[in-house]
Trainee: 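Take this structure, written in structure tokens, and hold onto it; I'll ask about it next.
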Amino acid sequence: MQRYNSFFLFVFCALINTDCTGLDRDPNGYITYCPCMGRFGNQADHFLGSLAFAHAINRTLILPPWVEYRKGEMRSYQVPFDTYFDVVPLHDYHRVITMSEFMSTLAPDVWPTEKRVSFCYMERTSLGQAKNAPGIPDCHAKDGNPFGPFWDTYGINFIASEFYGPLHFDVHHSSMATKWKTKYSANSWPVLAFTGAPASFPVQLENRGLQRYLQWTPSYLDAAHKFIREKLPRGAFVGIHLRNGIDWVRACEHVKDSQQLFASPQCLGYKNERGILYPELCMQTKEGIVRQLKRTIKNIRQLYPKNQIKSIFVASDANHMIDDLNSALSRMNITAHKLPENDPYLDLTILGQSNHFIGNCISSYSAFVKRERDYRGFPSYFWAYPKEKDRQSTKVHEEL
Ligand SMILES: Nc1nc2c(ncn2[C@@H]2O[C@H](COP(=O)(O)OP(=O)(O)OP(=O)(O)O)[C@@H](O)[C@H]2O)c(=O)[nH]1
Ligand SMILES: *[C@@H]1O[C@H](CO)[C@@H](O)[C@H](O)[C@H]1NC(C)=O
Ligand SMILES: *[C@@H]1O[C@H](CO)[C@@H](O)[C@H](O)[C@H]1NC(C)=O
């Protein structure tokens with residue numbers, strides 16, 4: 001059904017020669033924000049929440065570019081939203097427009113320079129501002145990286161700040177949407193421009209399903225299928241995410257003082273109803289990875305005898321362990337593969353297409369893959385989950 005909707009919308013839009021972003025001004029106004037926190041996984045979590053928020057207060061969502069960081073460069077890069085994802089499927093859920101389109105067509109009328117107010121919860125202190133030197137309360141929306149480079153990409157400056165506290169973005173558990181609409185009418189506030197995403201991290205449980213509207217562009221899907229067809233042996237494959245760079249080792253140190261960390265609710269449950277945090281969930285040993293992989297493949301072979309696993313596709317930010325995996329799995333006639341160059345987006349696309357997926361429960365990068373597979377009904381598992389001890393006791397239980 002979804003597909004047909006998008007298809008007809010597409011044809012319709014082609015016929016009337018617009019892209020269906022509705023170049024008429026939305027009388028209910030717009031939302032724009034800087035995805036200023038974290039890298040892609042974090043930004044994707046925030047995007048889903050922002051989409052739900054825009055939907056709840058019925059304003060068009062301006063699709064921000066993705067903010068990227070490149071080694072040794074001081075300023076962030078802004079990559080257009082539709083480089084990776086199709087805009088059309090999003091229209092099935094809510095009104096959206098890309099930021100560059102909004103700025104070039106509607107902004108002069110809807111959001112003239114003298115109306116550009118930045119929104120933050122409360123005053124944010126400036127980087128350059130001494131702790132006890134009070135200035136006029138301000139969001140300092142363009143202070144630092146990526147804040148400045150982000151708005152500069154579209155030549156946006158702010159003339160004032162608006163502090164929206166105590167309002168917040170949880171539109172699922174209160175009359176919050178009504179409060180926003182009452183306090184900020186579209187007439188007086190045509191665009192709500194947030195210094196950060198109007199959303200929580202990690203993504204709220206209620207918003208996970210919005211992942212279905214975030215669909216890879218044909219160019220990413222084609223590249224993924226081409227890699228699978230040409231570089232992997234014929235047959236089923238397991239996609240695995242190995243998050244093991246030095247930044248991750250440091251992030252995992254927080255496991256010991258938390259109940260949850262980053263994306264961990266995806267396996268532990270949002271209220272820890274499926275367990276509490278433990279170190280191996282974040283960082284695994286080589287032996288642990290190989291052991292779990294072998295066990296998973298054996299289980300899959302029993303469950304799906306006709307569609308045998310022939311290879312492993314490895315995505316990683318640091319160590320792909322290709323040689324270790326090849327030697328550990330050679331007796332099962334399984335080979336390990338990776339992309340020839342670092343491409344976080346193509347890695348994600350291929351992981352989404354794998355027959356089985358093993359991800360890192362703490363990582364929001366893994367969480368993106370898990371959500372995509374969930375709505376398509378594809379199986380996913382997590383490293384070191386459930387906890388080894390629990391797993392053994394479940395087994396004993398089954399035997400009893
Ligand atoms: N190519 C590639 N890059 C990866 C992979 N895993 C992580 N990265 C890079 O590392 C970044 C990790 O940051 P996020 O995407 O925000 O996800 P996260 O794993 O929750 O990590 P932090 O937010 O940094 O704690 C990704 O956006 C990628 O740029 C991978 O499997 N392949
Ligand atoms: C939401 O906004 C659209 C477009 O501005 C409008 O047509 C629609 O009636 C609004 N819906 C509600 C429930 O207010
Ligand atoms: C191993 O895999 C290759 C390629 O998938 C296949 O041609 C070969 O017959 C397999 N050998 C065994 C012993 O299963």
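Every heavy atom of this structure was used, including side-chain atoms; hydrogens, water molecules and symmetry mates were not. Just follow the structure's listing: the first ligand is 1, and inside any ligand the first atom is 1.
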Trainee: Which heavy atom of the protein is the closest neighbour of atom 22 (P) of ligand 1, given with residue, atom name and distance?
Mentor: R243 NH2, 3.6 Å
Trainee: S161 vs R124, test: side-chain hydrogen bond (donor to acceptor under 3.5 Å, both in side chains). Steps then yes/no.
Mentor: CA-CA 10 Å; S161 295; R124 295 168 74 242; over 6 Å; no
Trainee: Among all the protein's non-hydrogen atoms, which is closest to atom 6 (N) of ligand 1, and how far away is it?
Mentor: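 Here the closest protein heavy atom is H241 NE2, 2.9 Å.
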Trainee: Test of understanding: given a 4.0 Å heavy-atom threshold, classify the contact between Y365 and ligand 1 as side chain, backbone, both, or neither.
Mentor: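 The part of Y365 near ligand 1 is both the backbone and the side chain.
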Trainee: Whether R243 and D247 form a salt bridge (side-chain N of Lys/Arg under 4.0 Å from carboxylate O of Asp/Glu) is what I want to check.
Mentor: yes
Trainee: Please determine whether any non-hydrogen atom of R95 lies less than 4.0 Å from an atom of ligand 2.
Mentor: yes
Trainee: Please determine if D26 has a nitrogen or oxygen closer than 3.5 Å to a nitrogen or oxygen of ligand 2.
Mentor: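 Yes; at least one N/O pair falls below 3.5 Å.
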Trainee: Do the side chains of I297 and I322 join up, straight or via other hydrophobic residues, at under 4.5 Å, putting them in one cluster?
Mentor: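 I297 and I322: one cluster.
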Trainee: Considering only the protein, which heavy-atom contact is closest to atom 27 (O) of ligand 1, and what is its distance?
Mentor: F40 N, 3.4 Å
Trainee: Which option, P344, G359, S316, A318, owns the non-hydrogen atom nearest atom 29 (O) of ligand 1?
Mentor: P344
Trainee: Does an N or O anywhere in A251 fall below 3.5 Å from an N or O of ligand 1?
Mentor: no
Trainee: If you take the centroid of each ring, where Trp contributes its six-membered ring, are F102 and Y154 closer together than 6.0 Å?
Mentor: no
Trainee: Starting at OG of S380, measure out to NE2 of H356 and round the result to the nearest 0.5 Å.
Mentor: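 Answer rounded to 0.5 Å: 10.0 Å.
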Trainee: My understanding is that we take every heavy atom of each candidate and find the minimum distance to atom 7 (C) of ligand 1. Doing that for D317, V314, I362, which one comes out nearest?
Mentor: D317
Trainee: Can you get from F378 to I309 by hopping between Ile, Leu, Val, Met, Phe, Trp and Tyr side chains that sit under 4.5 Å apart?
Mentor: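 Not linked; separate clusters.
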Trainee: Identify the protein heavy atom lying closest to atom 10 (O) of ligand 1, giving its residue, its atom name and the separation to 0.1 Å.
Mentor: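 Looking only at protein heavy atoms, the one closest to atom 10 (O) of ligand 1 is R39 NH1, 3.4 Å.
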Trainee: So that I can tick it off, tell me whether E287 and R291 are bridged by a salt bridge, with the cut-off set at under 4.0 angstrom between side-chain N and carboxylate O.
Mentor: no
Trainee: Of all the non-hydrogen atoms in the protein, which one sits nearest to atom 14 (P) of ligand 1, and at what distance?
Mentor: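 I find the closest protein heavy atom is G41 N, 3.5 Å.
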Trainee: Take a 6.0 Å sphere around NZ of K231 and say whether it holds more than 12 heavy atoms from other residues, nucleotides or ligands.
Mentor: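 No, the 6.0 Å shell around NZ holds no more than 12 heavy atoms from other groups.
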Trainee: Just to be sure I read this right, does ligand 1 sit under 4.0 Å from the backbone of D343, its side chain, both, or neither, counting only heavy atoms?
Mentor: backbone
Trainee: Please identify which atoms of ligand 1 are closer than 4.0 Å to at least one heavy atom of D347.
Mentor: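 Those atoms are 1 (N), 2 (C), 30 (C), 31 (O), 32 (N).
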Trainee: Take every heavy atom of G38, measure it against each atom of ligand 1, and state whether any distance is under 4.0 Å.
Mentor: no
Trainee: To the nearest 0.1 Å, how far is atom 11 (N) of ligand 2 from its closest protein heavy atom, and which atom is that?
Mentor: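 Here the closest protein heavy atom is N58 ND2, 2.8 Å.
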Trainee: Looking only at protein heavy atoms, which one is nearest to atom 23 (O) of ligand 1, and what is the separation?
Mentor: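 In this structure, atom 23 (O) of ligand 1 has N42 ND2, 2.7 Å as its nearest protein heavy atom.
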Trainee: For the residue pair F119 and Y184, is the inter-centroid distance of their aromatic rings smaller than 6.0 Å?
Mentor: yes
Trainee: At what distance is the nearest protein heavy atom to atom 1 (N) of ligand 1, and which residue and atom is it?
Mentor: N342 OD1, 2.6 Å
Trainee: Looking at Y77, does the NZ or CZ of R70 lie under 6.0 angstrom from its six-membered ring centre and within 45 degrees of the ring axis?
Mentor: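 Verdict for Y77: a cation-pi partner in R70.
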Trainee: Between Y84 and L348, is the side-chain contact (heavy atoms from CB on, under 4.5 Å) condition met? List the steps.
Mentor: CA-CA 11 Å; Y84 306 127; L348 286 173; over 6 Å; no
Trainee: Starting from the C-alpha separation in whole Å, work towards a yes-or-no answer on side-chain contact (heavy atoms from CB on, under 4.5 Å) for Y278 and I276.
Mentor: CA-CA 7 Å; Y278 45 94; I276 54 158; 5.8 Å; no
Trainee: Heavy atoms only: which of S364, S366, A367 is nearest to atom 17 (O) of ligand 1?
Mentor: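 Nearest heavy atom to atom 17 (O) of ligand 1 lies in S364.
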Trainee: So if I count the atoms of ligand 2 from 1 in the order they appear, which ones are less than 4.0 Å from some heavy atom of P27?
Mentor: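 Near P27, the atoms of ligand 2 are 5 (O).
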Trainee: Give a yes or no on whether L167 atom CG has more than 12 heavy-atom contacts from other residues, nucleotides or ligands under 6.0 Å away.
Mentor: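 Counting neighbours around CG of L167, more than 12 heavy atoms of other residues, nucleotides or ligands fall under 6.0 Å, so yes.
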Trainee: Check for me whether F368 has a heavy atom closer than 4.0 Å to any atom of ligand 1.
Mentor: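 False for this residue.
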Trainee: Output yes when a protein non-hydrogen atom is found under 4.0 Å of atom 9 (O) of ligand 2, and no otherwise.
Mentor: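 Under 4.0 Å from atom 9 (O) of ligand 2, zero protein heavy atoms found.
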Trainee: Give the atom numbers and elements of ligand 2 that come within less than 4.0 Å of a heavy atom of N28.
Mentor: 1 (C), 2 (O), 3 (C), 4 (C), 5 (O), 6 (C), 10 (C)
